[in-house]
**Student:** 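So that we are looking at the same thing, I have put the structure below in structure tokens.
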Amino acid sequence: QVQLVESGGGSVQPGGSLRLSCAASVSIYSNNCMGWFRLAPGKEREWVAGIYTGIGGRPYYVDSVKGRFTISLDNAKNTVYLEMNSLNAEDTGMYYCATGLRTGQRLCEPPTFQFTYTGQGTQVTVSS
């Protein structure tokens, strides 16, 4: 059974930072793509970042967060993080941890990798 449990959301002022965490079940985490999506009010779901948990993994980001967000791993804890800096109002939304069926794919961004499983989400609100 796939389990993805997010935490770390909250409310911050513009320019602030947050770190999101996602604890994944062992069966889905190893040698697989992990990622983050977000859903803002009135907008479509947007892929934010992805990374391969095995050897040779590198991070991938949507252009709007490059230089501000960092996706990272703690393989000992089967956990993926999203460090978010210089937050602005456009970053407000529900953030979801995501993964998919293990295919050996290391390019962890849509549409190359199919993120088919998501967690319950954690809310991020950026407001003054």
**Student:** Donor-acceptor pair, distance only, cut-off 3.5 Å: does the side chain of Asn32 make one with the backbone of Gly100?
**Tutor:** yes

**Student:** Starting at CG of Leu39, measure out to OG1 of Thr92 and round the result to the nearest 0.5 Å.
**Tutor:**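 One gets 12.0 Å once the value is rounded to the nearest 0.5 Å.
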
**Student:** What residue pairs, at least two apart or across chains, pass side-chain hydrogen bond (donor to acceptor under 3.5 Å, both in side chains) with a residue in residues 6-21?
**Tutor:** Ser17-Asn85

**Student:** Looking at Thr79 and Lys77, would you say the former's side chain and the latter's main chain have a donor-acceptor pair under 3.5 Å?
**Tutor:**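 Indeed, once roles are kept as given, a pair shorter than 3.5 Å links the two residues.
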
**Student:** When you measure from the side chain of Arg106 to the backbone N and O of Cys33, does any donor-acceptor pair fall under 3.5 Å?
**Tutor:** no

**Student:** For residues 45-99, which residue pairs pass the disulfide (SG to SG under 2.5 Å) check, not counting sequence neighbours?
**Tutor:** Cys22-Cys97

**Student:** For Leu107, does its backbone N or O pair with a side-chain atom of Gln105 as donor and acceptor, under 3.5 Å?
**Tutor:**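 Yes, the answer is positive, given that a donor and an acceptor are paired below the 3.5 Å cut-off.
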
**Student:** Could you tell me if the side chain of Tyr117 sits less than 4.5 Å from the side chain of Leu4, heavy atoms only?
**Tutor:** yes

**Student:** Decide yes or no on side-chain contact (heavy atoms from CB on, under 4.5 Å) for Ile51 and Arg58, but give the supporting numbers first.
**Tutor:** CA-CA 6 Å; Ile51 189 168; Arg58 53 151 290 189; over 6 Å; no

**Student:** Measure from the side-chain N and O atoms of Thr122 to the backbone N and O of Gly9, and report whether any donor-acceptor pair falls under 3.5 Å.
**Tutor:** yes

**Student:** Donor-acceptor pair, distance only, cut-off 3.5 Å: does the side chain of Tyr29 make one with the backbone of Met34?
**Tutor:** no

**Student:** Between Tyr60 and Ile71, is there a side-chain heavy-atom distance shorter than 4.5 Å?
**Tutor:**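 Ile71 does not reach Tyr60 side chain to side chain.
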
**Student:** When you look at Arg68 and Asp91, which way does the side-chain contact (heavy atoms from CB on, under 4.5 Å) test go after all the steps?
**Tutor:** CA-CA 11 Å; Arg68 300 188 299 122; Asp91 297 315; 2.7 Å; yes

**Student:** Return the CE to CZ distance between Met84 and Phe69, rounded to the nearest 0.5 Å.
**Tutor:** 5.5 Å

**Student:** After noting the C-alpha distance and the side-chain angles of Trp47 and Glu109, does the key distance pass the side-chain contact (heavy atoms from CB on, under 4.5 Å) rule?
**Tutor:** CA-CA 8 Å; Trp47 170 80; Glu109 62 177 325; 3.4 Å; yes

**Student:** Would you say that Val48 contacts Phe37 through its side chain, given a criterion of any heavy-atom pair below 4.5 Å between the two side chains?
**Tutor:**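 Sidechains of Phe37 and Val48: no contact.
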
**Student:** Atom CG in Asn78, atom OG1 in Thr53: separation rounded to 0.5 Å?
**Tutor:**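 The CG atom of Asn78 sits 8.5 Å away from the OG1 atom of Thr53.
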
**Student:** Should Thr70 and Tyr81 be marked as a side-chain contact (heavy atoms from CB on, under 4.5 Å) after you check the CA-CA gap, both sets of side-chain angles, and the distance that decides it?
**Tutor:** CA-CA 8 Å; Thr70 302; Tyr81 302 97; over 6 Å; no

**Student:** Tell me whether Val2 shares a hydrophobic cluster with Tyr52, the cluster being built from Ile, Leu, Val, Met, Phe, Trp, Tyr side chains joined at under 4.5 Å.
**Tutor:** no

**Student:** List the atom of Leu18, the atom of Gly8, and the distance in Å for their closest heavy-atom pair.
**Tutor:**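 The answer is CD2-O, 3.9 Å.
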
**Student:** May I ask you to decide if Tyr96's main-chain N or O and Thr118's side chain share a donor-acceptor pair within less than 3.5 Å?
**Tutor:** no

**Student:** Locate the shortest heavy-atom distance separating Ser128 from Pro14; write the atom from each residue and the value.
**Tutor:**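 Reported closest heavy-atom pair: N-CD, 3.7 Å.
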
**Student:** Side chains of Val124 and Leu20: does their closest heavy-atom pair fall under 4.5 Å?
**Tutor:** yes

**Student:** Below 4.0 angstrom, N of the basic side chain to O of the carboxylate: do Glu90 and Lys43 qualify?
**Tutor:** yes

**Student:** Using ring centroids (six-membered ring only for Trp), state whether Phe113 and Phe115 fall under 6.0 Å.
**Tutor:** yes

**Student:** Could you check whether any side-chain N or O of Arg102 sits under 3.5 Å from a backbone N or O of Ser30, counting only pairs where one atom can act as donor and the other as acceptor?
**Tutor:**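 Pair found, side chain donor or acceptor close to backbone of Ser30.
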
**Student:** Between Ser64 and Glu46, is any pair of side-chain heavy atoms under 4.5 Å apart?
**Tutor:**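 Yes, close enough: below the 4.5 Å cut-off.
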
**Student:** Validate the cation-pi geometry between Arg38 and Tyr95: distance from NZ or CZ to the six-membered ring centre under 6.0 Å, angle to the ring axis within 45°.
**Tutor:** no

